[in-house]
Asker: 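One structure is given below, represented as structure tokens, and several questions about it will come after.
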Amino acid sequence: MRVPRKFLALFAGLVTAVLLASPAAADPGPPPNSMASMGDSITRGFNACGWYVDCPSRSWSTGTYSSVNSQYSRILAKNSAISGKNYNDAKSGAKVADMYGQAGTAVGQGVQYVTILIGANDACTSSESSMTSVAAFRTSIDSALNRIKTGLPSAKVALISIPNVWQLWNVGHVSGSAVSTWGLFGICQSLLANPTSTAQADVDRRARVRQRVVDFNTQLAQACAAYGANCDFDDNAVFNYPFQLSQVSGWDYFHPNTSGQAVLASVTYAAGFGW
């Protein structure tokens with residue numbers, strides 16, 4: 001059947017209108033002259049260099065350790081003006097409710113770029129019932145983002161998805177060392193209690209914890225979209241990365257080791273503003 005020319009012209013016009021109406025990707029601008037990292041023990045580099053200590057030099061975000069090649073190091077290679085202006089405002093043990101305070105610190109530092117990786121401690125709790133609710137999570141992240149937007153209206157914000165903590169169980173429950181360590185130190189019992197159990201109740205509990213992380217990440221994506229062009233969500237790049245046990249600290253089988261921090265740096269930078 002031959003399509004009348006006037007309909008082809010109309011269709012072409014509609015396509016053009018849609019393309020013109022679609023917003024272009026925001027220009028990230030030049031690399032920043034300063035940056036701050038917000039988050040928890042992952043961003044503090046906990047257990048990446050010593051026994052149960054923070055190792056901020058090995059942080060995926062603002063660290064300086066050469067083999068990690070952090071976001072800061074990658075930006076420094078392109079913009080020497082950022083030298084020494086890499087502030088790690090994260091705190092081990094932090095939850096999303098702590099982000100408002102950390103946002104205030106970043107605002108006080110007057111930085112041009114902020115990374116936020118938070119939420120693992122809101123899902124990895126002493127029991128499933130003590131996990132942060134999705135609604136409370138969103139309220140806290142909105143509060144923190146609003147404080148940044150008000151205090152640093154021109155700053156770029158990278159909002160990073162929470163790692164898939166279920167993957168930690170997946171790669172670790174076959175390791176006797178990991179299983180014994182999780183039990184001895186009571187690590188992430190909402191997910192990692194009875195790690196070798198195949199009982200349906202335990203299988204279902206692990207699935208619910210994983211879903212809570214998925215729900216948190218959905219809220220991060222929506223909050224970032226609401227923030228505007230200065231916010232970039234990593235589109236679940238970190239959540240989707242299939243990390244291995246070799247990239248996790250052998251001291252707690254929970255936090256990223258130096259290799260894991262390097263992976264975080266690479267994945268988050270590639271998914272970010274494109275400097």
Asker: Are Q189 and E128 close enough, and set up right, to give a side-chain contact (heavy atoms from CB on, under 4.5 Å), and what steps lead you there?
Answerer: CA-CA 8 Å; Q189 292 300 284; E128 182 185 357; over 6 Å; no

Asker: Side chains of Y269 and I75, heavy atoms from C-beta outward: is any pair under 4.5 Å?
Answerer: yes

Asker: Who pairs with R138 by salt bridge (charged side-chain N to carboxylate O under 4.0 Å, His left out), at least two apart in sequence or on another chain?
Answerer: D142

Asker: Under a 3.5 Å distance rule, please check whether N79 uses its side chain to pair with a backbone N or O of P31 as donor and acceptor.
Answerer: yes

Asker: Taking the side chain as everything from C-beta on, heavy atoms only, tell me whether L264 gets closer than 4.5 Å to V238.
Answerer: yes

Asker: Could you tell me whether a side-chain N or O of S175 sits under 3.5 Å from a main-chain N or O of A178, the two making a donor and an acceptor?
Answerer: yes

Asker: Hey, is R205 close enough to D202 for a salt bridge, meaning N to O under 4.0 Å?
Answerer: yes

Asker: Is there a path of hydrophobic side-chain contacts, each under 4.5 Å between heavy atoms, that joins L159 and L152?
Answerer: yes

Asker: Say whether Q112 and S154, considering side chains only, have a donor N or O and an acceptor N or O under 3.5 Å apart.
Answerer: no

Asker: Just wondering, do K149 and Y227 contact through their side chains at under 4.5 Å, heavy atoms?
Answerer: yes

Asker: Indicate yes or no: at least one non-hydrogen side-chain atom of I116 is less than 4.5 angstrom from one of V157.
Answerer: yes

Asker: I'd like to know if the side chain of K156 pairs up with that of N230 as donor and acceptor (distance under 3.5 Å, no hydrogens or angles considered).
Answerer: yes

Asker: Does the pair N164 and N240 meet the rule for a side chain to side chain donor-acceptor pair (under 3.5 Å), with working shown?
Answerer: CA-CA 7 Å; N164 182 1; N240 290 330; over 6 Å; no

Asker: Would D89 and Q109 satisfy side chain to side chain donor-acceptor pair (under 3.5 Å), going step by step from the backbone distance to the final call?
Answerer: CA-CA 10 Å; D89 300 330; Q109 292 158 342; 2.9 Å; yes

Asker: Is any side-chain heavy atom of P163 closer than 4.5 Å to one of L117?
Answerer: yes

Asker: What's the verdict on side-chain contact (heavy atoms from CB on, under 4.5 Å) for I162 and F239, showing C-alpha distance, side-chain angles and the deciding distance?
Answerer: CA-CA 6 Å; I162 306 161; F239 177 82; 5.8 Å; no

Asker: Exactly one of T115, T43, N69 should register a side-chain hydrogen bond (donor to acceptor under 3.5 Å, both in side chains) with W60. Which one does?
Answerer: T43

Asker: Atom OG1 of T105 and atom CZ of R147: how far apart are they, to the nearest 0.5 Å?
Answerer: 7.5 Å

Asker: S127 and S129: side-chain donor and acceptor closer than 3.5 Å?
Answerer: yes

Asker: As a test of understanding, state which of T64, T258, N257 forms a side-chain hydrogen bond (donor to acceptor under 3.5 Å, both in side chains) with R58.
Answerer: T258

Asker: Between H173 and W169, what is the ring plane arrangement, given parallel below 30°, perpendicular above 60°, and tilted in between?
Answerer: parallel

Asker: Dump the intermediate steps for side-chain contact (heavy atoms from CB on, under 4.5 Å) on S61 and N88, then the final yes or no.
Answerer: CA-CA 8 Å; S61 177; N88 193 319; over 6 Å; no

Asker: Considering residues at least two apart in sequence or located in another chain, which fulfil the salt bridge (charged side-chain N to carboxylate O under 4.0 Å, His left out) criterion with R74?
Answerer: none

Asker: Verify side chain to side chain donor-acceptor pair (under 3.5 Å) between Q102 and D98, making sure each step is shown before the conclusion.
Answerer: CA-CA 7 Å; Q102 291 186 20; D98 299 305; 6.0 Å; no

Asker: Treating D234 as the side-chain partner and N236 as the backbone partner, does any N or O pair qualify as donor plus acceptor under 3.5 Å?
Answerer: yes

Asker: Under 3.5 Å, side chain of S59 to main-chain N/O of R44, donor-acceptor pair present?
Answerer: no

Asker: Check for me, please, whether V111 and W275 land in the same ILVMFWY cluster - side-chain distances under 4.5 Å, paths through other members count.
Answerer: no

Asker: Listed by chain and number, what are the salt bridge (charged side-chain N to carboxylate O under 4.0 Å, His left out) partners of D252, not counting sequence neighbours?
Answerer: none

Asker: Does any N or O in the side chain of S143 come within less than 3.5 Å of the main-chain N or O of T139, such that one atom is a donor and the other an acceptor?
Answerer: no

Asker: If we count only N and O atoms by modelled type, under 3.5 Å, do the side chains of Y241 and Q247 hold a donor and an acceptor together?
Answerer: yes

Asker: For a quick test of reading the model, state the closest non-hydrogen atom pair linking A265 to S70 and the distance between them.
Answerer: CB-CA, 3.8 Å

Asker: Give me the atom names and distance for the closest heavy-atom approach of C188 to F254.
Answerer: CB-CE1, 3.9 Å

Asker: Under 4.5 Å between side-chain heavy atoms, counting indirect links through other Ile/Leu/Val/Met/Phe/Trp/Tyr residues: same cluster for V171 and W166 or not?
Answerer: yes

Asker: Could you tell me which non-hydrogen atom of I160 sits nearest to which non-hydrogen atom of T268, and how far apart they are?
Answerer: CG2-CG2, 3.7 Å

Asker: Quick check: Y253 with F185 (ring centres under 6.0 Å apart)?
Answerer: no

Asker: Can you find a pair of side-chain heavy atoms, one from M38 and one from I148, that are under 4.5 Å apart?
Answerer: yes

Asker: As an exercise, state the distance from SG of C224 to CG of L145, rounded to the nearest 0.5 Å.
Answerer: 7.5 Å

Asker: Are the side chains of M35 and V114 in contact, using a 4.5 Å heavy-atom criterion?
Answerer: no

Asker: I want to know whether F46 and W251 have ring centres closer than 6.0 Å.
Answerer: no

Asker: Is a donor on one side and an acceptor on the other found under 3.5 Å between the side chain of Q71 and the backbone of T62?
Answerer: no

Asker: Would you please classify the geometry between the F216 ring and the F137 ring as parallel, tilted or perpendicular, with 30° and 60° separating the classes?
Answerer: parallel

Asker: How close do C55 and G50 get, counting heavy atoms only, and between which atoms?
Answerer: SG-N, 3.8 Å

Asker: Taking all atoms of both residues into account, what is the closest heavy-atom pair of S161 and L220, and its distance?
Answerer: CA-CD1, 4.4 Å

Asker: Any side-chain to backbone donor/acceptor pair from K91 onto S41? Under 3.5 Å, distance only.
Answerer: no

Asker: Just by distance, do the side chain of Y72 and the backbone of G84 share a donor-acceptor pair under 3.5 Å?
Answerer: yes

Asker: Go through the steps for T125 and S130 under the test side chain to side chain donor-acceptor pair (under 3.5 Å), then give the verdict.
Answerer: CA-CA 6 Å; T125 57; S130 59; 3.0 Å; yes

Asker: If I take atom CG from residue N217 and atom CD from residue Q222, how far apart are they, to the nearest 0.5 angstrom?
Answerer: 11.5 Å

Asker: Tell me whether D40 contacts the main-chain N or O of I42 through its side chain, where contact means a donor paired with an acceptor under 3.5 Å.
Answerer: yes

Asker: Sub-3.5 Å donor-acceptor pair from the side chain of N47 to the main-chain atoms of H255, do we have one?
Answerer: no

Asker: Determine whether the side chains of Y65 and Q261 contain a donor N or O and an acceptor N or O closer than 3.5 Å.
Answerer: no

Asker: Taking all atoms of both residues into account, what is the closest heavy-atom pair of R212 and S133, and its distance?
Answerer: NH1-CA, 3.9 Å

Asker: Any non-hydrogen side-chain atom of F243 less than 4.5 Å from a side-chain atom of V248?
Answerer: yes

Asker: Taking a hydrophobic cluster as the set of Ile, Leu, Val, Met, Phe, Trp and Tyr residues connected by side-chain heavy atoms closer than 4.5 Å, whether directly or through intermediates, do I187 and M131 fall within one such cluster?
Answerer: yes

